[in-house]
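Counting convention: from 1, in listed order, for ligands and their atoms alike.
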Amino acid sequence: MRTLYRKFIIATLSILIISVTIGMIVANFIYMSSTKQKIDQQNVEIAQTITLNLENMHSNHSSLEPFLDSIGNLGYQIYVINESGQDAYFGNAFSKTELPKEAMRVILDKEIYHGMSHFSHKFLMMGHFSNDVKNTVGVPFTMSGEQYGLFLRPNNKLLFSDIHMILAWFFVAVTVVSISGVILFAKHLIQPITKLTEATREITRENFLYPLKINRNDELGQLAESFNNMQRQLQHNDEARKSFINNVSHDFQSPLMNIQGYAELLLSQSVTETESKEYLQIIDQESKRLSNLTKQLLLLTSLDQKAYPMKISEVQFDKQIKQTIRRYQWRLQEKEIEVSYNLAPIRMKADAELMSNVWDNLITNAIKYNAHGGSIWISLFKSESVITIMVKDSGIGMSQEAITQIFDRFYRIDSSRKSDGTGLGLSIVKQIIDLHGGEIKVDSKVDEGTTFTLLFPNIN
Ligand code: ADP
C-alpha cells in the first residue's frame, strides 16, 4: 500500500512540476511576443517625461544632477552621456556598463534606443531583470545647446513591489497547502484500501467475522458495502457447507452402522431362519437407502455446479405424470389412497429425465405423508402465459415454519423422520424447476393436507 501512496504523491508533484514548466513556457512566450515591447514603450514614455521636464526647466549641468538623483531615488537607474563623451550614473549602479554602439545614435541622430525590447538573455523572461546598461531605453535631449542621451531602466527593487511580495507569499502558501492537502487526501483515500486488503486476508484465513468499518458515500464506500455482503454470503455458504458435510456424514453413517450391525448378527451362529430373513430385509432396505442417497447427492451436486447436461426436448407432461402414478400403483393400493386427476394434454420444452424426477418426488411425498385411505388430486392446465401443475394431498400437512424450510437440503420435519426420506427430494425439485425458469409454491395445513403448485412460463 505504501507504493500506491508514494505513487499518488509522485504523480501530484509531477503534475505540479509539469504545470509550472508549461506555465513558464506560456509566460515566456507572452513576454517575448508582446509584454517586452509594451514595457519598453512604457519606459520610453517615462524617460521622455523626464527629459521634457529637464528641457522645460532650462536646466544646466548643475541642476541636472540633483533632479536625476531624485529620480534615481524613486527607483530608476539612469545613465546620461553627452556628445563630448561626458557621462554620469544616477540611482542604483549598473552591474554591466558597456553601452552598445547603436545606442550613440540617440545623441547623433536623436533616435530612441529600444534596448529593453531587443535585449536577449539565455533565460528569456529573466532578461527583464538583467542589471545591464544595454537593457535600458534611451531618449535624446538638449541642454545648454548640447546634445545628451538619457538611458533608463527601473531598478529591480522597484520591479519587486509590495504586491509582488504578497503574490509570492500567496503562491508559497498555496503550494504548501495543496501539497499537504494531497498528502492528507492520499492517506484518506488509501486507508480504506488498506483495511479492505486486511479484511481480504482474513477471509483467506476463513475468518468471515472480521469487522470492516468504512462509512463513506463514494465508490470506496460502495466497494466496502459489497465486500460486507460478500463476507456475509461467504459466511452463510461456509456454514451451509459445514452443515451439509455434517448431514451427509450422519446420513451415511446410520445406514452403514445398521448394515454392519445386522451383518454381524447374521454371522453369529444363534440366528433363526425368520430372524435372518428379517435382518437381510433390513440390510437390503438400508443399502437401497444408501444408493438412493448417493444418487440424489450426485444429481444435486451436478445441478449445483450447473454441470448437468440438460437434454431439452418436447416433453408431454400429462403422459409423464400418468406414468409416474402407474409406477406407484402398488403403494397407493397398499395405503388405499385414491388418486384423481385432470390432465390437459400439455407439451413443454424441458429435460424429460429431470421432470420425471420432479413428478416422482412430489407424488411419492403425497403418498408417504398421506393418511391411510387418504386422497391425492393432480391437475395440469395452461393459460396463455402459464402452465400450472397442482399436486394436492389430504395428508399430515405441515406448519408455516416448516414450509419455509422444506426446500433446504436434508431438512425433514421431525414427526415424519421415521419415514424413509433423505430430506433432499424437494431441494432437487426446486433446483430443477429453477433451471426450467419455473416457480414452486406450497400451501399446507397440519392434519388437513398439502398442495404443491408448479408454474412454468408458457413459451411454446
Ligand atoms: P424426504 O426425502 O424426507 O421426503 P423431501 O425434501 O422430499 O425429503 O421433503 C422434505 C420434508 O418436507 C419431508 O421430510 C416432509 O417432512 C415434508 N414434506 C414433503 N412433502 C410433504 C407432503 N406432501 N406433506 C407433508 N409433508 C411433506
Side-chain angles (χ1 to χ4, degrees), residues 240 243-244 246-255 258 285-301 303-304 321 324-325 327-328 331-332 334-341 354-380 388-435 438-454:
S243 91
F244 184 75
N246 214 9
N247 284 322
V248 171
S249 333
H250 176 265
D251 277 49
F252 270 89
Q253 194 61 24
S254 49
N258 281 346
Q285 241 174 37
E286 290 298 70
S287 49
K288 273 188 189 138
R289 188 169 139 78
L290 269 180
S291 152
N292 189 27
L293 187 67
T294 321
K295 267 191 227 149
Q296 280 188 320
L297 270 175
L298 278 175
L299 177 62
L300 203 59
T301 318
L303 287 177
D304 249 359
I321 295 171
T324 314
I325 299 170
R327 214 172 327 130
Y328 291 104
R331 279 180 76 178
L332 290 163
E334 198 180 55
K335 270 186 111 174
E336 293 180 4
I337 294 172
E338 192 193 334
V339 182
S340 43
Y341 51 77
L354 290 183
M355 287 319 293
S356 146
N357 215 306
V358 170
W359 318 133
D360 212 287
N361 266 299
L362 293 179
I363 293 171
T364 51
N365 276 354
I367 302 171
K368 261 197 290 185
Y369 306 110
N370 213 329
H372 197 96
S375 32
I376 298 174
W377 299 272
I378 305 172
S379 55
L380 168 65
T388 310
I389 300 109
M390 289 170 93
V391 181
K392 186 175 175 198
D393 64 61
S394 61
I396 57 173
M398 57 186 122
S399 67
Q400 290 307 305
E401 196 210 331
I403 288 180
T404 59
Q405 298 176 73
I406 49 168
F407 297 110
D408 292 349
R409 283 157 201 203
F410 293 106
Y411 178 77
R412 274 181 276 171
I413 301 171
D414 258 359
S415 62
S416 60
R417 267 201 179 257
K418 5 180 175 38
S419 74
D420 60 342
T422 58
L424 289 175
L426 284 180
S427 51
I428 292 175
V429 167
K430 171 113 179 52
Q431 285 262 40
I432 297 173
I433 291 170
D434 283 350
L435 273 177
E439 202 187 331
I440 181 163
K441 290 181 184 168
V442 195
D443 187 23
S444 184
K445 271 205 181 114
V446 177
D447 294 333
E448 278 185 28
T450 306
T451 308
F452 282 96
T453 309
L454 274 55

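- I432 pairs in a side-chain contact (heavy atoms from CB on, under 4.5 Å) with only one of the listed residues (N361, N357, I440), which is N357.
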Open item on the list: Assess the residue pair W359 and I389 against the criterion (side-chain contact (heavy atoms from CB on, under 4.5 Å)); give the C-alpha distance rounded to whole Å, side-chain angles, the decisive distance to 0.1 Å, and a yes or no.
Closed with: CA-CA 10 Å; W359 318 133; I389 300 109; 3.9 Å; yes

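- Under a 4.0 Å criterion applied to the non-hydrogen atoms of Y411, ligand 1 contributes the atoms 10 (C), 11 (C).
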Task: side-chain contact (heavy atoms from CB on, under 4.5 Å) between V391 and T453, worked out - done: CA-CA 7 Å; V391 181; T453 309; over 6 Å; no

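- Note: no N/O pair closer than 3.5 Å links S427 and ligand 1 by distance alone.
- At a heavy-atom distance under 4.0 Å, only side-chain atoms of D393, from C-beta outward, approach ligand 1.
- By the 3.5 Å distance cut-off applied to N or O atoms, T422 is counted among the residues near ligand 1.
- The backbone N or O of S287 lies less than 3.5 Å from no partner atom in the side chain of S291, so there is not a single donor-acceptor pair.
- Within ligand 1, the atoms closer than 4.0 Å to a non-hydrogen atom of I413 are 14 (O), 16 (O), 17 (C), numbered from 1 in the order shown.
- With ligand atoms numbered from 1 in the order given, ligand 1 contributes 1 (P), 2 (O), 4 (O) to contacts under 4.0 Å with heavy atoms of K368.
- Counting heavy atoms only, G423 comes closest to atom 1 (P) of ligand 1 of the residues G423, G425, S399.
- In summary, the atoms of ligand 1 found under 4.0 Å from a heavy atom of R412, numbered by their order in the structure, are 3 (O), 14 (O).
- Taking every heavy atom of both residues into account, M398 and V446 meet most closely at C-CG2, 3.6 Å.
- At a 4.0 Å heavy-atom cut-off, ligand 1 touches L426 through backbone and side chain alike.
- Side-chain atoms of D393 do not come within 3.5 Å of backbone N or O of I376 as any donor-acceptor pair.
- When all heavy atoms of L290 and P255 are compared, the pair lying nearest together is CD2-CG, 3.8 Å.
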